[in-house]
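Just so you know, these numbers come straight off a predicted model, no measurement behind them. Basis for what follows: all heavy atoms, side chains included, without hydrogens, waters or symmetry-related copies.
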Amino acid sequence: MKKNYFFLIVYLVLMGSVTAQDNAKPLTVEANEFTTVTLFFPTVIEQVIPPASNYKFEFDQGNTIGTLKARKGTPSNMTVITTDGSIFSIVLNYSQKLEKYTHIINANQAVGAMNSGNSATPTEPENTTIVQANPKPNAPPESVAPVASNIDPRETIKTPPTDMNVSPDVFEGFSNQPNTDPELYSDSENDLYNLDREEYYSIFCENNYLQKSILKRSFRQNKKIIVRLNNILVDREEIYFMLSLENTSKKDYNVNGLSFFIKESHRDNNPSILEPVHTFNLQKIIDPESNNEIVYVFKKFPLQTNQIVEIVLDEIDSSRMVILPLDYKYLNLLSK
């Protein structure tokens with residue numbers, strides 16, 4: 001037992017800002033597009049690392065209540081952090097038939113806690129009744145104004161650039177953007193984005209990397225190796241490229257590297273390389289007849305009208321290189 005405590009202490013020192021609870025497991029919640037599932041948290045919701053885009057979680061700032069709906073798709077997960085620093089991990093599954101419509105989450109179900117040292121908002125007293133017959137969400141502070149974009153991706157991507165081999169496949173249901181309303185995050189010291197940037201990137205990628213491709217022909221292939229762009233998401237100051245590397249051949253693909261370049265034109269022989277701030281799930285070997293879903297994270301960058309981005313996948317000691325070009329109009333549109 002003492003040995004276990006020793007390793008736990010070492011783990012906590014390495015993590016720095018997060019305290020784990022070994023006795024708590026991720027919660028599992030089922031949802032669909034027909035029924036609103038309600039989640040009651042023990043204290044006020046501070047921030048949410050959103051799930052994949054076929055799940056939609058909403059809440060009002062200053063409230064303990066959130067609602068969840070889902071569209072048919074692969075399982076996902078989300079992370080909810082409350083104002084007292086508690087971290088709740090929730091596994092999300094789509095199900096046409098629901099057995100439970102309300103989930104009352106207890107404090108001891110948190111998988112960890114933020115070591116902030118001080119909390120800006122006191123926790124709810126134990127005798128406070130959280131569940132109400134008709135809960136009325138609190139109004140957001142007047143100083144918080146929702147960020148509205150004058151570009152609707154579902155409308156504008158219907159007309160692809162004329163010089164790019166792209167045919168939009170409009171994403172049904174929710175937008176291709178993550179569920180990142182202004183209320184979901186704060187700039188306080190308790191914010192995971194400020195406390196542990198790498199951990200934030202990792203959670204965001206894990207929640208969103210299984211993206212359905214929103215474009216029918218946003219891919220290139222060479223000798224049965226396919227590089228496919230599934231989606232582009234923007235969160236805070238970063239842009240996330242969701243990619244699928246597909247090996248439809250009968251032998252292994254030994255990845256030498258995946259690189260991103262900015263070029264002045266297709267014939268530019270001196271491109272600038274883009275350095276990612278985080279990579280997620282890239283395999284060294286892609287098995288025959290299998291996919292590798294990956295995410296590359298970059299700081300936001302604009303493209304000029306004469307520039308393109310080239311994504312290059314190459315193999316060790318092989319000619320099976322794949323180059324996927326992205327036009328500036330398409331990239332700037334999805335990165336708004």
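- In this structure the side chain of L258 reaches within 4.5 angstrom of the side chain of I311, judged on heavy atoms.
- In this structure, N270 places its CG atom where only 12 or fewer heavy-atom neighbours from other residues, nucleotides or ligands lie under 6.0 Å away.
- Tested against F298, the residues F260, Y201, Y240 include a single ring pair (Phe, Tyr, Trp, His ring centres under 6.0 Å) partner, F260.
- In this structure, L274 and I262 have side chains that are in contact, with non-hydrogen atoms separated by less than 4.5 Å.
- Residues L326 and V312 do not share a hydrophobic cluster, clusters being chains of Ile/Leu/Val/Met/Phe/Trp/Tyr side chains in contact below 4.5 Å.
- Under the 4.5 Å side-chain heavy-atom criterion for grouping Ile, Leu, Val, Met, Phe, Trp and Tyr, I273 is connected to I323 within one hydrophobic cluster.
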- Query: What do the steps show when you test T67 against L39 for side-chain contact (heavy atoms from CB on, under 4.5 Å), and what is the final call?
  - Reply: CA-CA 6 Å; T67 58; L39 287 75; over 6 Å; no
- Message: Let's go through L27 and H103 carefully: what are the C-alpha distance in whole Å and the side-chain angles of both, what is the deciding distance for side-chain contact (heavy atoms from CB on, under 4.5 Å) to 0.1 Å, and is it a yes or a no?
- Response: CA-CA 10 Å; L27 309 170; H103 296 263; over 6 Å; no
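- Using a 4.5 Å heavy-atom cutoff, the side chains of E30 and K100 are not in contact.
- The only option from K224, R320, E289, K223 that meets the side chain to side chain donor-acceptor pair (under 3.5 Å) definition with S249 turns out to be R320.
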- Task: Determine, stepwise, if the pair L282 / N292 fulfils side-chain contact (heavy atoms from CB on, under 4.5 Å).
- Result: CA-CA 7 Å; L282 178 63; N292 179 201; 3.9 Å; yes
- Working for side-chain contact (heavy atoms from CB on, under 4.5 Å), residues V322 and Q221: CA-CA 6 Å; V322 186; Q221 63 178 325; 5.5 Å; no
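- Within the 3.5 Å criterion, the main-chain N or O of E293 finds no donor-acceptor partner in the side chain of N291.
- M321 and L324 fall into different hydrophobic clusters, where Ile, Leu, Val, Met, Phe, Trp and Tyr residues are linked whenever their side-chain heavy atoms come under 4.5 Å apart, directly or through other members.
- Under the 4.5 Å side-chain heavy-atom criterion for Ile, Leu, Val, Met, Phe, Trp and Tyr, V80 and V91 are members of distinct hydrophobic clusters.
- Under the 4.5 Å side-chain criterion, counting only non-hydrogen atoms from C-beta, R220 is not in contact with V227.
- Shown are I285, L313, L245; of these, the side-chain contact (heavy atoms from CB on, under 4.5 Å) with Y253 is made only by L313.
- For NZ of K299, the number of neighbouring non-hydrogen atoms (other residues, nucleotides, ligands) closer than 6.0 Å is greater than 12.
- Note on K300 versus E238: no salt bridge recorded, every NZ/NE/NH1/NH2 to OD/OE distance being 4.0 Å or above.
- Side chains of T36 and K69 form a contact here, defined as non-hydrogen atoms less than 4.5 Å apart.
- Side-chain atoms of T64 never come within 3.5 Å of backbone atoms of F40 as a donor-acceptor pair (strictly under, hydrogens ignored).
- Counted by atom type alone, N93 and S95 present zero donor-acceptor pairs between their side chains at under 3.5 Å.
- Surrounding CD of Q96 are at most 12 heavy atoms belonging to other residues, nucleotides or ligands under 6.0 Å away.
- For the pair F204/V297, no side-chain contact is recorded, criterion being any heavy-atom separation below 4.5 Å from C-beta on.
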